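Encoded as structure tokens, here's the structure I'll be asking about.
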Amino acid sequence: MSFALIDGNNFFVSCERVFNPRLEAKPVVVLSNNDGCVVARSAEARMLGIKMCAPWFQMRNFARQHGIIALSSNYELYADMSNRLMTVLGEYSPQQEIYSIDECFLGLGGFEHFDLVAYGQRMRRQVRQWLGLPICIGIAATKTLAKLANHCAKKNLAGEEGVCDFIRMTESERSGLFSTIDSGEIWGVGKQLREGLRRRGIVSVENLRRADAKTLRREFSVVLERTVMELNGVPCLGFEETPPNKQQIISSRSFGSYVHELPELREAVASYMARAAARLRQQGSLARMVQVSIRTNPHQPEHPQYQKELSVPLSAATDDSLRLIRAALWALERIYRPGFAYQKAGVALLDITQAGTFQQDFFSNKRDDPRLMAAMDRINAIWGSGTLRSAAEGIDQRWRMKREKMSPGYTTRWSDIPRVH
DNA sequence: CTATAACTCTCAA
DNA sequence: CTAACGTTGAGAGTTATAG
């Protein structure tokens, strides 16, 4: 068995460039929600030393000096481009695992007699021509190695023109290459683990690959043991073609500006819960627990800080937005304290079960009417989400996040398509 | 005491 | 111009609690 991992090159920036060629060859960054931090940067922006997750307001001046173009994130656009990308790539194998908005694995079992590098080049050309997006491709015997091969393709450490195939390399070529790569580049090795490994003299990918898996399991975790085996070509990670239902659904967001009063918080919490409940119904599940959290801005320690969350068990599992909103607001009332500048609120649906298999409420004869939610979901599907909503979500929604530099919905909104004069 | 629930930490994109 | 630092989810491991 072998795997390919296909990954978009600075995906969000590339999506923007497809529809705005003036961004080509310039330093461009895309910002997180609320125009907070850098979440994607073009090669030119990276060269200028812009770091991932850098708070935007701190680098405003630097950006102005160097002509860096910043854009708010336009998730509608990226999600739509992602769907197109995944559809095109899915044609290249009967097995596809969509891992994130810009990444997927393809199962290449039975493709061994192919020239896989040429196959990868074909994918690249087609995606470039059909969608205008640049991608890189890593090919190897396990998912962890395919991720690493993709990294090598991106950084031009090995392979040719954005395609890197470890299977085709000799053992000594791989050893040589792996000795030059830091362990932190490996999928599953984050900041903590990298530091722990370094203390034991394990610095490079090659060091880790040669280390004793059982010992590492004892000293770290079973996860690291699997990683080591995967690096040695032993597949430990399965293929997830159909993503399992979520076990928890979270909806949280920072506000456009601080919120002080309960009524505004109530609107936000109701809105977040409506979103979460819609996703719950989409996967055909019910939730038995609702959690609400609010907090001030932890980056301003000189201001009074407050952070609190509360979980509420429901007497019966439900997917009814109105019922879930009532529970969330009940929890919010209990954790709200006046006198603080709230920066963020969130809700979570927990203890999720499949619809139809749940325990009915012993103490209540009230039943949800599924027709109401079905009608609401259909109306919002046709006319846009939020068209029909609970009054608790509010009208003005002044707390909504800021996105001051957002590009148009080029592929999803007729009204946003620029006119040609 | 064990089994499970609840919570914390880490990682990822 | 102001003031200003993301979101979502999984899984492992640890601690608390119930019986």
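Values below: all heavy atoms of this structure, side chains included; hydrogens, waters and symmetry mates excluded. Order of the sequence lines sets the chain letters (A, B, ...), proteins ahead of strands, with each chain counted from 1. Model, not experiment: these values are computed from the prediction.
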*Could you write nucleotides 7-13 of chain B as a row of B, S and -, 5' to 3', where a protein heavy atom under 4.0 Å of any base atom gives B, of only sugar-phosphate atoms gives S, and otherwise -?*
---SSSS

*Salt-bridge criterion met for A:Arg398 and A:Glu267 (N-O under 4.0 Å)*: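 A:Glu267 and A:Arg398: not salt-bridged.
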
*When you match A:Val222 and A:Cys53 each to their closest nucleotide on DNA chain C, which lands nearer the 5' end?*
A:Cys53

_Between P of C:dA3 and CZ of A:Arg60, the distance in whole Å_ =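 In whole Å, C:dA3 P and A:Arg60 CZ are 12 Å from each other.
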
*Let me have DNA chain C in dot-bracket notation, would you? Count Watson-Crick plus G-U wobble pairs, both distances under 3.5 Å, and use [ ] for pairs crossing earlier ones and | for inter-strand partners.*
......|||||||||||||

*Taking the six-membered ring of A:Phe255 (Phe, Tyr or Trp), confirm whether the NZ or CZ of A:Lys344 is under 6.0 Å from its centre and within 45° of its axis.*
no

*Does any N or O in the side chain of A:Arg389 come within less than 3.5 Å of the main-chain N or O of A:Gly394, such that one atom is a donor and the other an acceptor?*
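Answer holds: yes.
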
*Rounded to the Å, how far apart are A:Ile249 CD1 and C:dG9 P?*
7 Å

*Could A:Arg210 and A:Glu206 be called an ion pair, given the rule that one side-chain N must be under 4.0 Å from one carboxylate O?*
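Salt bridge present between A:Arg210 and A:Glu206.
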
*Nearest-nucleotide wise, let me know which of A:Glu404 and A:Glu240 is further upstream toward the 5' end of DNA chain C.*
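Result: A:Glu404.
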
*Considering just the side-chain nitrogens and oxygens of A:Arg275, establish if one lies under 4.0 Å of OP1 or OP2 belonging to C:dT8.*
yes

*Would you indicate what A:Val223 reaches in the nucleic acid, counting non-hydrogen atoms under 4.0 angstrom: base, sugar-phosphate, or nothing?*
sugar-phosphate

_Under 6.0 Å from the ring centre and within 45 degrees of the ring axis: does the NZ or CZ of A:Arg337 meet both conditions for the six-membered ring of A:Tyr306?_
yes

*Do A:Tyr92 and A:Tyr119 have their ring centres less than 6.0 Å from each other?*
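Here the rings of A:Tyr119 and A:Tyr92 have centres that are less than 6.0 Å from each other.
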
_Please tell me if A:Gln343 has a side-chain N or O lying less than 4.0 Å from either OP1 or OP2 of C:dC5._
yes

*Within this structure, what is the CD-to-C1' distance between A:Glu225 and C:dG13, rounded to whole angstrom?*
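Between C1' of C:dG13 and CD of A:Glu225: 15 Å.
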
*asked:* Tell me the interatomic distance from A:Gln58, atom CD, to C:dA4, atom P, rounded to whole angstroms.
replied: 12 Å

*Send over the distance from A:Asp35 CG to C:dC5 P, rounded to a whole Å.*
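For the pair A:Asp35 CG and C:dC5 P, the rounded distance is 12 Å.
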
*Kindly assign one of parallel, tilted or perpendicular to the pair A:Trp399 and A:Tyr272, based on the angle between their ring planes and the thresholds 30° and 60°.*
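Ring orientation, 0 to 90° scale: perpendicular.
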
*Contact under 4.0 Å: A:Asn297 side-chain N or O vs C:dC5 OP1/OP2*: yes

*Determine: side-chain N/O of A:Tyr272 to OP1/OP2 of C:dT7, distance under 4.0 Å, yes or no.*
no

*Check every atom of C:dC5, C:dT7, C:dG9 against the side chain of A:Arg279 and return the nucleotide holding the closest atom.*
C:dG9

*Roughly, in whole Å, what's the span from CZ in A:Phe220 to P in C:dT14?*
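Roughly 14 Å, once rounded to whole Å.
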
*For C:dT8, does either OP1 or OP2 sit under 4.0 Å from a side-chain N or O belonging to A:Ser252?*
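Checking A:Ser252 against C:dT8: at least one side-chain N or O falls below 4.0 Å of OP1 or OP2.
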
*Ignoring backbone atoms, test whether A:Arg253 places a side-chain nitrogen or oxygen under 4.0 Å from the OP1 or OP2 oxygen of C:dT8.*
yes

*A:Tyr75 has an atom OH; how far is it from atom P of C:dG6, in whole Å?*
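After rounding, the reported distance stands at 12 Å.
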
*CD of A:Glu302 versus P of C:dC5: gap in Å, rounded?*
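To the nearest whole Å, that distance equals 11 Å.
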
*State whether A:Gln300 places a side-chain N or O below 4.0 Å from either non-bridging phosphate oxygen (OP1 or OP2) of C:dA3.*
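For C:dA3, OP1/OP2 do not have a side-chain N/O of A:Gln300 under 4.0 Å.
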
_Taking only the C1' atom of each, what is the distance from B:dC11 to C:dG6 in whole angstrom?_
16 Å

*Side-chain N,O (A:Arg217) to OP1/OP2 (C:dA12) below 4.0 Å*: no

*Using a strict 4.0 Å threshold on nitrogen-to-oxygen distance, state whether A:Arg199 and A:Glu195 make a salt bridge.*
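Yes, this pair counts.
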
_Whether A:Gln247 contacts C:dG11 is assessed here as follows: a side-chain N or O lying under 4.0 Å from the phosphate OP1 or OP2. Is that the case?_
yes

*Taking atom CG of A:Leu145 and atom CZ of A:Phe3, what is their separation to the nearest 0.5 Å?*
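Rounded to the nearest 0.5 Å, the CG-CZ separation comes out at 10.0 Å.
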
*Quiz item: cation-pi between A:Arg326 and A:Trp330, 6.0 Å / 45°*: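 No.
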
*Inspect the contact between A:Arg17 and A:Glu44 and indicate whether a charged nitrogen and a carboxylate oxygen are less than 4.0 angstrom apart.*
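The answer is yes: the pair qualifies as a salt bridge.
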
*asked:* Taking the minimum atom-to-atom distance to the side chain of A:Lys246, which one of C:dA10, C:dT8, C:dG6 wins?
replied: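 It is C:dA10.
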
